[in-house]
There are 2 protein chains.
Amino acid sequence: MSATDVTAPVARDGNASSRVAAGIRDAIAHGEYPPGSRLRQEEIAERFGASRVPVREALRALEAEGLVTLVANAGAWVSRLTLAECEEVYQTRERLEPLLLRHSAPHLLPEDLDRLEALATAMAATDDVGEFLRLDREFHMLSYSRADTLMLGDLVERLWNTTQPYRRAYTMLADADTRRIMHDEHHLMVVALREGDVEGAERTIEGHIRRTRRLLSRHPEVFSAE
Amino acid sequence: MSATDVTAPVARDGNASSRVAAGIRDAIAHGEYPPGSRLRQEEIAERFGASRVPVREALRALEAEGLVTLVANAGAWVSRLTLAECEEVYQTRERLEPLLLRHSAPHLLPEDLDRLEALATAMAATDDVGEFLRLDREFHMLSYSRADTLMLGDLVERLWNTTQPYRRAYTMLADADTRRIMHDEHHLMVVALREGDVEGAERTIEGHIRRTRRLLSRHPEVFSAE
DNA sequence: TACGACAGGATTGGATCCAATCCAAGGGCC
DNA sequence: GGCCCTTGGATTGGATCCAATCCTGTCGTA
């Protein structure tokens, strides 16, 4: 392979279908395609500069991830959750994230812990909901990032993705007290991780998710939208 | 393709890609495609009487389920697990199946309980490994069958599917004592369910899975096969 | 006016065709 | 003899084309 073989159609980083799937995932996360909105193959194909074949493969993958709902001969829609279904996702997270944290915690680096602390502080300081959501996601994902897992990490990320569209809505509904408690929990988790208290960190994350679940169960109006 | 296309219409119910995905899933479960074996698109297409397009969609879906591993421009293989990865799946099941059972248990019908008892008894009686695996899967899936869940039920089924190829191998390695304990646990679960003791049933299934995980961790030779 | 049949367009599903990539075997060169 | 390059076949990836299905608006009739 000569050094001049630059073969630089750089844009294509992996297959088209993976790229399209990642793009749709991202667009949904950013609220570009809200829950219940229709996904037309041709529109997506044009947007990502591909034909409909890789788009269809991407939609199949996203369906298996739970992000998209396919109906034969009808089309694809961004999955919409009822309150009960969202609670189910949170119940599941309540079980899985402590386990994932257990895998990750022992391998977190000092710089990770510093970053976690900075994120927790930044979250407490910001008033912008979008910024808060971004920081919150980074905080939790960073805490899991050192887990060497086959599927558990991906699984948790998927659960986050399916509920992401609703997070914004109910985050705004949290009162000052609730928000303060959330921030305390974040800081508690950093402390536990610094002390190498994995079990304490696990309990904290479990309580954190449970509290969030209860918060959203008090706000069914977020899901009623037709 | 002959001019008079008399090929049996292969009972096309639903899309081709769903059918193909289900078929591959089934073939893997039955050991027809062992872990690590390659899946050629054309061969699968011919087998299911479809073109390669729906096959590729099916493979994408199965990849998202964790059953198949895709490598760009190289091909698809049945996912192969290391011992550590298999333990991870069991750890995950340990957390999720009690939760799923909690959703299902209150809605189990008397006839379900009778069937569960019959299955537990039949399992204790049989000496055929294939038969045992079939009964075992039916037992557990039946215990979850009344759960009205969005994704938790599917998720657990997927975890079963990814480890199914290994179950046969280590089941044969269980000694008489271990086997007796497993049967006791099955019967205990039926009793707990009959008494409406959901928490007891949860504890039993958790212990059952943990015990199985420990059993397989003592038999790394099942996974070493290159 | 209400309701059902129907036609047209729009959209999805599937098959075939072509391009890009990979793998293995064989030949040339040091 | 060993190593690198090339070349052919095999396989995957993507695009275009065609068929099947669905949705919608319109017309006709009771």
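Each chain gets a letter, A, B and so on, in the order its sequence line appears, and its residues count up from 1.
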Q: Go through the structure and list residues passing side chain to side chain contact (heavy atoms under 4.5 Å, CB included) with Asp128(A), not counting sequence neighbours.
A: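 Scan of Asp128(A) (side chain to side chain contact (heavy atoms under 4.5 Å, CB included), adjacent residues dropped) gives Thr126(A), Glu131(A).
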
Contact list for [range], test salt bridge (charged side-chain N to carboxylate O under 4.0 Å, His left out), sequence neighbours left out:
range                       : answer
residues 153-167 of chain A : Arg137(A)-Glu157(A)
residues 30-39 of chain B   : Glu32(B)-Arg47(B)
residues 59-75 of chain A   : Arg25(A)-Glu65(A), Arg60(A)-Glu63(A), Arg60(A)-Glu57(B)

Q.
When you measure from the side-chain N and O atoms of Gln41(A) to the phosphate of dA10(C), is any distance below 4.0 Å, counting only OP1 and OP2?
A.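 No, Gln41(A) has no side-chain N/O under 4.0 Å of OP1/OP2 on dA10(C).
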
Q) Under 4.0 Å between a side-chain N or O of Asn73(B) and OP1 or OP2 of dT12(D)? A)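 Result: no.
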
Quick one: [X] [atom1] to [N] [atom2], roughly how many Å, whole number?
X        : N       : atom1 : atom2 : answer
Leu70(B) : dC22(C) : CG    : P     : 15 Å
Arg40(A) : dT11(C) : CZ    : P     : 5 Å
Ile44(A) : dA15(D) : CD1   : P     : 15 Å
Glu43(B) : dA10(D) : CD    : C1'   : 14 Å
Glu42(B) : dC17(C) : CD    : C1'   : 13 Å

Q: Mind running a 4.0 Å heavy-atom check of residues 45-64 of chain A against DNA chain C and sending the residues that fall below it, in number order?
A: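 Going residue by residue through residues 45-64 of chain A, the ones with a heavy atom under 4.0 Å of DNA chain C turn out to be Arg52(A), Arg56(A).
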
**Q.** Within 6.0 angstrom of Asp114(A) CG, more than 12 heavy atoms from elsewhere
**A.**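 Yes, CG of Asp114(A) has more than 12 neighbouring heavy atoms, counting only those of other groups under 6.0 Å.
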
Q) Of all residues at least two apart in sequence or in a different chain, which pass the ring pair (Phe, Tyr, Trp, His ring centres under 6.0 Å) check with His208(A)? A)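 Once residues adjacent in sequence are excluded, the partners of His208(A) under the ring pair (Phe, Tyr, Trp, His ring centres under 6.0 Å) criterion are His140(A), His186(A).
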
